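Okay, so here's the structure we're looking at.
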Amino acid sequence: MSSAPPSSPIVLLQQQRTALQMEYAYEKEQFQRLTEATGIDKKVRQGVAWFPLTVGRSYNNSLDQLVVEVFRCDAPSDKSVQDDTAFSDDDHQFEPNKPVCFFTEDASGYRHGTGGMLHYMKFVAQVSYVEENRMVVVLPSADALAQLQEAYRLGVQLYFDELTYRLMFEALDAVINAKTGRLAELRDICHSTAPTSKFTFAPTSFPWLNTSQQAAVNEVLWAKDVAVIHGPPGTGKTTTLVEAIYETLRRENQVLVCAQSNMAVDWISEKLVDRGLSVLRIGNPTRVTDKMLSFTYERRFESHPLYTELWAVRKALRDVYASRSGSSDSRHQKIARLRDRATELEYSINQSIFDDARVIACTLTGSANRLLSGMKFATLFIDEAAQALEAACWIAMQKVHRVVLAGDHRQLPPTIKSPEAMHSGLDRTLMQSIVEQKPQAVSLLTVQYRMCDAIMQFPNREFYGGKLQSAPEVKYRGILDWDTAIEWIDYDEAKSGEVSYLETMNGVSRVNPAEAQLTLDTLWQYFDEIGVERILDERIDVGIISPYKAQVGMLRRMLRRDRKWRPLRSLISVNTVDGFQGQERDVIVISLVRSNEEGNIGFLRDLRRMNVAITRARMKLIIIGSRSTLCHMPFYRRLAEYAAQIADEY
C-alpha cells in the first residue's frame, strides 16, 4: 500500500502521472514480449488470442462503421461443456472497445507440424461486441477487410491499448495545468483538507431504505462538490446508488453515470432501467442481451424514425463514390449534397436520442466518446470507484460540476501490472484519497443482508472497525442444523511422503494439485452431509475461489472430468477472486494454494483480496490452506483462530 500523499494536489497528481508512465512502459514491453516470444497455443490458453478464425459477413453498422464477424474454430465439441461457463477452459479477455490485431500463421510450418511463424497485419481494429465464440470487429478500411478475407490460418489477439493511456495522460495534464474554473476547484477539493460545501435543506425520508442508506442518499443530495457512498459487502450499495441517482434526477435533467469496466456499467444500467429511468448506454455492453441492447445508443439510433432515410442517403453516397460515371463536377456536387443531408439527419437523430435520456451511462474512458464531445453535466456518479485509477476518473470529471463515488476501498484495488508503478502509488485511488482526507463526505452503509453473522464478524472486525451489523433475516441462517459457518481445513498434519502439498509454478501462476483434490473432496463430503437431492431441489449454489488462475484452471478440469459432479455443474462456479467481485453464493470454498517451507505468500499479502473472497459466502465458508505457511502473517493467524473459535462454539 502506498504511503500518504503530499499536501499539494498538483504534486500528488504529478506523482500519479509518473507512476502511470511506469505502468504504460511496463505494459507496452509486456505486450511486445507476448507478441514476439509467446507461442500461439499459450496466447489462446491465456485468453488473449483466438486461433484459428473463420471470417463471416461484413457490413456497415448504424454508425456507418465497416464491421466484420469472426468466429473461433477451436470451441469444445461437448455441448454440455460449452453451455457451462463455470467449467470452460475457454475464458477470454476480449471486451467491447478493446483494440485488436490480426495475424496469419505461416503455412509451411503448419503443414510440417512445427508451427509456423506469425505475420501481423499492419492495421489495428476494435471489438464492437463479443459472445462466447463470435466477435464483431470494427475495421479501419475496406482494404483491411480484403486482407482478412484472403488470409490463410487467421487469428486475432488483443492489441496494446494506446488510446486509454492517451486519454488518461491528457486528463491528468488538464487537471494539473488547470488554473481556474471548476476543474481546478474539484482538484483542490479532492486533494486537500479543505471542507466540502453542502446545501442545507431538510432531509428526505425513504422508508424502503434502512437508516444508513437513507442518510447516504441525503448526503448525496446535499453535496455541492463531492460525496462518497462506502458500501461494504452485502450492504445494498447498488440499491442506495440507484436511489441517489433517481432522487438527483428529480432536481436535475440529466446525469452521467460511469464505472471502470463495461460489466459494472451494464449492472448499474440494468438497475436504473428497472427503477424506471431512461438510460442511454454509450459503448457496447459486455452481456449482449435483448434487455441490454434496448438502451444502447446503436439500438436507439437504428430504431429512430429518421434512420431509414439516413441509411438510404449513406448507401447512395457509397454508390456515388464507387461509380465513375458523370462529370467530376456533378459527382462532387452530388457528394456534397448527400453529405450535408446525412449530417443533418445524424444531428437530428442524436439530438432526439440525447434529449430523451435521463441517464448517460458509459465507462470512464468511454466518457471521451465523440458523441459526448462538448457535453456538460451537473453530477457524475462513479460506481465501483475503488477499482478505478484516479487518472481514469478525471477523464469523466472534466465534464461535471460535482462527483459522487460509490464503492469499497477495502475490497479489490485497480489492476496494476508494474511493481514499480504500484510502489510509486498508482494503486492509490481517488476514492481512497477522499475517504482519508474528507471523512465528512463519506457515508458508510452499516447493515449487511448477505452473510450469516458468524461469517460477517471477522471481516467486520478486520476491515470495518466493527461498525457493521447483520440484518435480522440473515443473522442466524445456515444450511444444516448445528453447522459450523467457517471452517479452515489445514493439511499440514496430513503431509506425508506419499502426497506432496507443496505448491509448484505453472507458467507465471501457481498450482497445488494435492490441495485442489482436497478442495473437491472436502466439498463433496459437505454435499454428502446435505444430500444431493436437497441441493438440486433448493438450488444451493457454490463458489470455488482461488487467487491463482492456474489453480482455477486445474479445479475446472478436475470437476469436468469427474462424472459424479455432472448433475451439480450448473450450481458450481470456479473463478479467481477478481472473477467473483460483486457476486455471492450459499457456499464458498477458498483454495489458497501457497504451501512452502519459507512462508512466502506473494500477493496474498494484499488483504483486500481475502476480504472479497471471504465475503462472497452467505451461509458456509470453507478455507483450504497450509496454516504453517500462511500464519506467518498475523491476519491469517487471526482468521485461523477465529475459525477454531467458531468450531468450538458449535
Side-chain angles (χ1 to χ4, degrees), residues 53-70 96-97 99-102 104 120-129 135-151 154 156 159 162-163 166-167 280-284 293-294 296-357 360 362 366-375:
L53 295 178
T54 58
V55 178
R57 70 188 183 108
S58 60
Y59 55 94
N60 285 76
N61 64 13
S62 60
L63 303 181
D64 206 27
Q65 298 167 317
L66 177 61
V67 299
V68 65
E69 294 178 327
V70 295
N97 304 317
V100 294
C101 57
F102 288 90
T104 58
Y120 288 86
M121 297 181 179
K122 296 181 180 180
F123 64 85
V124 178
Q126 186 181 52
V127 178
S128 177
Y129 68 84
M135 192 187 311
V136 178
V137 179
V138 179
L139 298 177
S141 66
D143 180 64
L145 175 62
Q147 292 182 55
L148 297 183
Q149 292 172 333
E150 296 169 1
L154 180 68
V156 63
Y159 191 73
E162 292 271 5
L163 175 61
R166 178 173 63 78
L167 292 173
L280 179 62
R281 173 72 161 92
I282 304 297
N284 290 296
L293 284 174
S294 67
T296 61
Y297 171 81
E298 287 77 6
R299 181 59 62 90
R300 296 277 175 87
F301 196 94
E302 290 174 349
S303 61
H304 194 276
L306 293 176
Y307 178 71
T308 302
E309 182 183 353
L310 176 61
W311 185 88
V313 171
R314 286 173 171 172
K315 183 178 185 305
L317 190 56
R318 288 194 293 271
D319 290 344
V320 173
Y321 275 119
S323 173
R324 294 289 178 232
S325 62
S327 67
S328 177
D329 288 344
S330 65
R331 287 182 72 250
H332 287 156
Q333 290 175 7
K334 192 169 185 179
I335 288 171
R337 286 196 304 271
L338 290 169
R339 276 180 174 172
D340 289 345
R341 182 55 181 159
T343 301
E344 181 183 341
L345 289 168
E346 286 177 11
Y347 178 81
S348 297
I349 295 173
N350 281 336
Q351 187 173 32
S352 174
I353 291 173
F354 279 94
D355 285 349
D356 289 343
I360 308 299
C362 58
S367 66
N369 191 296
R370 63 176 181 82
L371 294 169
L372 302 180
S373 179
M375 292 185 67

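Given the structure is predicted, the values throughout are model-derived calculations rather than measurements.
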Report yes or no: does [X] contribute a side-chain atom to a donor-acceptor pair with the main-chain N or O of [Y] at less than 3.5 Å?
X: Arg341; Y: Glu309; answer: no
X: Thr343; Y: Arg339; answer: yes
X: Ser303; Y: Arg299; answer: yes
X: Arg281; Y: Tyr297; answer: no
X: Arg331; Y: Val320; answer: yes

Working to the nearest 0.5 angstrom, can you tell me the gap between [X] [atom1] and [Y] [atom2]?
X: Ser128; Y: Met135; atom1: OG; atom2: CE; value: 11.0 Å
X: Ile335; Y: Asp340; atom1: CD1; atom2: CG; value: 12.0 Å
X: Ile282; Y: Ser367; atom1: CD1; atom2: OG; value: 11.0 Å
X: Leu310; Y: Glu344; atom1: CG; atom2: CD; value: 11.0 Å
X: Tyr159; Y: Gln126; atom1: OH; atom2: CD; value: 13.5 Å
X: Leu167; Y: Asn369; atom1: CG; atom2: CG; value: 10.5 Å

From CA spacing to verdict: side-chain contact (heavy atoms from CB on, under 4.5 Å), Val136, Tyr59: CA-CA 10 Å; Val136 178; Tyr59 55 94; 4.0 Å; yes

Which atom names give the shortest non-hydrogen contact between [X] and [Y], and what distance separates them?
X: Ser58; Y: Gln149; value: OG-NE2, 4.2 Å
X: Gly366; Y: Leu372; value: O-CD1, 4.2 Å
X: Leu306; Y: Ser348; value: CD1-CB, 3.8 Å
X: Asn97; Y: Gly283; value: ND2-CA, 4.2 Å
X: Val68; Y: Gly56; value: CG2-O, 4.1 Å
X: Ala125; Y: Leu139; value: CB-CD2, 4.1 Å

Results of side chain to side chain contact (heavy atoms under 4.5 Å, CB included) for Glu298 - residues two or more places apart only: Ser62, Leu63, Asn284, Thr296

Check: Gln147 and Phe123 side chains under 4.5 Å, non-hydrogen atoms: yes

Sub-4.5 Å side-chain heavy-atom contact between Val156 and Val137: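 In short, these two side chains do not touch, never coming nearer than 4.5 Å.
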
CA sep, side-chain torsions, deciding dist, call: Met121, Leu154, side-chain contact (heavy atoms from CB on, under 4.5 Å): CA-CA 10 Å; Met121 297 181 179; Leu154 180 68; 3.8 Å; yes

Tyr307 OH: over 12 foreign heavy atoms closer than 6.0 Å: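 It does: Tyr307 OH has more than 12 such atoms within range.
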
Tyr321: ring-ring contact (aromatic ring centres under 6.0 Å, His included) partners, not counting sequence neighbours: none

Ionic contact status for Asp64 with Arg318, cut-off 4.0 Å: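 Between Asp64 and Arg318 there is a salt bridge, with a charged N closer than 4.0 Å to a carboxylate O.
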
Worked verdict on Lys315 versus Asn60 for side-chain contact (heavy atoms from CB on, under 4.5 Å): CA-CA 10 Å; Lys315 183 178 185 305; Asn60 285 76; over 6 Å; no

